[in-house]
Structures are given as structure tokens and as C-alpha cells.
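I have placed the structure first, in the form of C-alpha cells, so that the comments after it can refer back to it.
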Amino acid sequence: MLAFAAPQIGGSQALTSLALGLANEPAGLLPAREQMALSLGWHIVLACFGVAFPTMILVMHWRGVRRQDRVALVLARRWAKVSAVLFAIGAVSGTVLSFEMGLLWPGLMGTFGDVLGLPFAFEGLSFFVEAIFLGIYLYGWDRMPPRLHMLMLIPMAVAGVVGTFCVLAVNAWMNAPTGFDIVDGEVVNVQPWVAFLNDQVWLQFAHMWVAAFMVAGFAIASVYAVGILRGRNDRHHRLGFTVPFAFASVGAVAQPFIGHFLGLRVAATQPAKLAAFELALETESPSPLRLGGILIDGKVRFNIDIPGLGSLIARNSLTAPVQGLDTIPADQRPPVNITHIAFQSMVAIGTILMLAVLIYWIARWRGHDLLEPQTRFHRWFLRGAVLAAPLAIAALELGWIATEVGRQPWIVYGIMRTTEAAGENSGLWWLYGTTVVVYTALSWGAISILRSMARRWRAGEEDLPSPYGPEPVEHAPELARDEC
């Protein structure tokens, strides 16, 4: 993950400085930022399904085999086909990213390639493992013993998690670089495992892993919420809603706590980022919690301050101050407004989702199932469940914007600036334009295929025909076979 921020501006002097700064920037910097913003922002949503979907399919398949539940098995089979479509599209965008790193950021990969090679290698292996077992699982329906067939999902799920960990290891290293020495301007004494398993990665991975279950869970549940709103309130839709919504609910409740502990590290490792998060222009003790607000001409406007709460949330203390931006050299400050707004928007959405799922499960525990048509607020809840999907995706994107823009002007924190990593190739704009066209086509194709699959499933075409290949072989239903 690479940041793609533009410099913070305000006032005529800042505009003059900006114009001078842009003149000194490498020609490839802006197109590289735009390219990474597009490709990473697009791919990360698909990556969430690669991480979370296999586990959800495993739970649904286990329920079908364990309880002799045909509806659960039908859902597992359909979800596997959807997962295959998303995986195929994600493979394209992931391959693009693999080539982009060296093309867009030659200074980074040329200098630190030996340090970052190990996680990228493991990420590639994880991709192949996931692809292999996805193929086996899809082919195995009605051809393998049910329990053995179900176990094919475990390597898929593990590979998705390992691949995500590898990518997060690179990003965490960029935020807290370790595992090498710099002697006379050269990177020496490289320790790949130290860089790979850096101290920052564990909480950052946990934060992203939980976010993946939130995005995938709310997105899948929203599909069935739409079906229930349209009158298809049968067991198929209720089970299809409940399982992913349960995963998303656990994630929505756990995420604020993980984010809090991750945020506590920012004060020590990246004080400029924390100051931007909190919109702290000056060091105050105790620091207020600044809700809203925007920096205009060096002054914070349109904000609401809650005294003392900033120290408690950001520092786990009643008095510890948040270091102000006035203590950070001007050329090392991130774009404040983008970072602050993205961070607070992410937190606001996460809080709304957490409260919403708590209300649902508490109401259900008290005997008020909001999926039942006769229950009060039934349709309002379903509308909210549909809205939860784009909200979760927005929170994911906003979180990465806050993280990456907040690290600016560094691509490797404290060691290499983003301007030093970019090249002079202004022709990258052609790559950006091509990527826009390709990703637009991929998005249209994915939506068309998934809508077609859903339409044929509703029409009763369970075994969707392939345009080529042998005729399907009749087998005994999976539930009727030996479960060993």
C-alpha cells in the first residue's frame, strides 16, 4: 500500500510553495499515486472476499453436512461459484499490482528489493495454493466424500489469510522499517525475516483481517436483505443473511478495540500522523477530542471539542498530551485535512455499524427477530442492512487513506520520501488510462455474470451449464453419501 496524497495547502504563500514544490517533483510521481490509488482501492475490496469468503463457505458447508441441511449445502455451492468469479477478477488486479511496484516506484524497489522480497514471494505462493484448492473444491461437488470435500476449504481459507498477512507485512514495514542497516548510503545487513515479522504487522494485520470479514459479511448479507425486502422471506434467504451477518457482527464489535490498540502505537511511532488524526495544532495536556473540523489558513474551524477525551482515547491517559503539529518540521507534516477527515469518517462509520449489530442481536436475544415481517422496524432494519455494505466498504477505503496519507511525505517512514521513490516516466499516464478502461470492463463483466447467475438460480437452474466441456455426470446427492 502506497500513499497518494497531495500537499496540504492554505493561503497564498502555501499556493506559491505548492507551485514551486510541484516543479521539483519527479514527472512520474502524480501518475504513480493515481495508479496506486485506483488499483489498490479497487483490489482491496476483492481481497476481502478472498480472505473471508472461504471461511463463511466452510461454516455453511459444515452446517449442511453436520445437520443434513440441504439449504445450507445449496448456499455453500452457490457461494463457491460466486467466490470463483471474484477470485478470477481479483487475480487480474493482483497481477497488475505485482508489476506496478517496480514500475511505479523504482526508487523503493531498487533500494529495498532485497528487504521486501520474502513477503512478496510468500504472497505469490499463497495465491497459487488458494487457486488450486478452489479448483478442487469446485470440481469436488458430487465427486468426493462430503467431509473430505469440505476440508478442501481449509487450505483456501489459510492461504487467503497468509497472503493478506504478507501484504500487510510490507505495509507495516513501510510504517516501521527494520531488518537492515544503511552504511554509506547502501542497504546492507539485510534480515528478511526480521523485516517480514516486524513489530507493527501483528495489530495492523488483525485490523485488516477483521475489516475483511466486515466487508464480505455485510456485502453478502445485503444481497439476501434485498431479497427479503422483495418478498422472498424463505429459509434460504434467512440463512443466507444470518451466517455472513454474524461474521460481520463479530468483526464490527471487535474492530473498535483493535483499532484503539493499534492507534496507541501511533503516538510513539508516527506522532505527525496522530496529530493529523486528532487535528492537534498545538500540544495540549490533557488533549481534547476534536470532532469534525477542518484546517483553513492555519486555524481549525467547524469543530466540536470534548475536553480531556483526546488524551484518554489516543494515549490511554487522563493527562498525556497528543503531540502538536507545531512540533513537527513543516516538510514532514502529512496533508492534515485529508488525514483527519478520512480517519474520523472511518471511526464514525465503524461506530454506527457496531451499534447497529448490537441492537439487532440484543433485540433477537429478547425475542424480537427483526427478520420476521410482523416485527416492528422489520423493513427499516433490512434497509439498514443493505446500506451496511457500502458503509463497510467506505470505512475500509477511508481507513487506508488515513493510514497512507498520514504517513506522508514518507514512503519508508523516516528513511525515504515518496518523491525519492518515484521515477521520471511521465508516460505512466497511459498506464493509468489503460487501467481505468480494464477495471471498468472487469467491473461491468463481474456484475453482469453475478446478476446472470442469480437470475438463473431464482429460475431453478441449480447446475449452471458450461458453454463447453463434457455433459454433467449424475451422482447421488452429497448428503446421501458416506460422510467419511
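As the structure is a computational prediction, the values presented were derived from the model and not from experiment.
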When you look at CH2 of Trp209, are more than 12 heavy atoms from neighbouring residues, nucleotides or ligands closer to it than 6.0 Å? no
In this structure, are over 12 heavy atoms from other groups packed under 6.0 Å from Glu282 atom CD? no
Would you check if the distance from the ring center of [X] to the ring center of [Y] is below 6.0 Å?
X	Y	result
Trp193	Phe180	no
Phe53	Phe87	no
Phe165	Trp202	yes
Tyr360	Phe245	yes
His61	Tyr137	yes

Nearest-0.5 Å distance, [atom1] of residue [X] to [atom2] of residue [Y]:
X	Y	atom1	atom2	answer
Met109	Leu103	CE	CG	12.0 Å
Arg77	Leu75	CZ	CG	13.0 Å
Glu420	Ile411	CD	CD1	10.0 Å
Met214	Leu353	CE	CG	5.0 Å
Leu125	Glu123	CG	CD	9.0 Å
Ile304	Leu291	CD1	CG	6.0 Å

Is there a donor-acceptor pair under 3.5 Å between the side chain of [X] and the backbone N or O of [Y]?
X	Y	answer
His340	Ile294	no
Trp173	Thr178	yes
Ser345	Ala342	no
Arg301	Leu295	no
Ser222	Ala219	yes
Ser126	Val162	no
Asn198	Gln200	yes
Ser39	Gln35	yes
Arg407	Lys273	no
Arg290	Leu279	yes

Side-chain heavy atoms of [X] within contact of [Y], under 4.5 Å:
X	Y	value
Met208	Leu396	yes
Met60	Trp79	yes
Ile258	Gln255	yes
Gln344	Phe277	no
Pro321	Glu284	no
Pro409	Thr418	no
Ile449	Met453	yes
Leu450	Leu86	yes

For [X] versus [Y], what's the shortest heavy-atom pair and its separation?
X	Y	answer
Ser83	Ile57	CB-CD1, 4.1 Å
Val405	Pro334	O-CB, 3.5 Å
Ala159	Val129	CB-CG1, 3.9 Å
Thr283	Asp326	N-OD1, 4.0 Å
Leu29	Thr419	CD2-CG2, 3.8 Å
Asp305	Pro307	O-CD, 3.7 Å

Please determine whether ring-ring contact (aromatic ring centres under 6.0 Å, His included) holds for the pair Phe218 and Phe213, giving the CA-CA distance in whole Å, both sets of side-chain angles, and the decisive distance to 0.1 Å. CA-CA 8 Å; Phe218 282 126; Phe213 278 91; over 10 Å; no
Among Val170, Leu168, Val167, which residue meets the side-chain contact (heavy atoms from CB on, under 4.5 Å) test with Pro119? Val170
Check against side chain to side chain contact (heavy atoms under 4.5 Å, CB included), Val386 and Tyr224: CA-CA 9 Å; Val386 174; Tyr224 293 94; over 6 Å; no
CA sep, side-chain torsions, deciding dist, call: Leu281, Lys299, side chain to side chain contact (heavy atoms under 4.5 Å, CB included): CA-CA 8 Å; Leu281 301 188; Lys299 295 182 180 180; 5.8 Å; no
Please determine whether a side-chain nitrogen of the Lys or Arg among Asp331 and Arg417 lies less than 4.0 Å from a carboxylate oxygen of the Asp or Glu.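 Judged by the 4.0 Å cut-off on N to carboxylate O distance, Asp331 and Arg417 do form a salt bridge.
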Could you please spell out the steps behind the side chain to side chain contact (heavy atoms under 4.5 Å, CB included) verdict for Asn175 and Thr269? CA-CA 8 Å; Asn175 284 287; Thr269 59; over 6 Å; no
Checking side-chain polar atoms at under 3.5 Å, does Trp361 have a donor or acceptor matched by the opposite partner on Ser249? yes
Please lay out, stage by stage, how Trp105 and Glu100 fare under the test side chain to side chain contact (heavy atoms under 4.5 Å, CB included). CA-CA 8 Å; Trp105 309 105; Glu100 281 181 353; over 6 Å; no
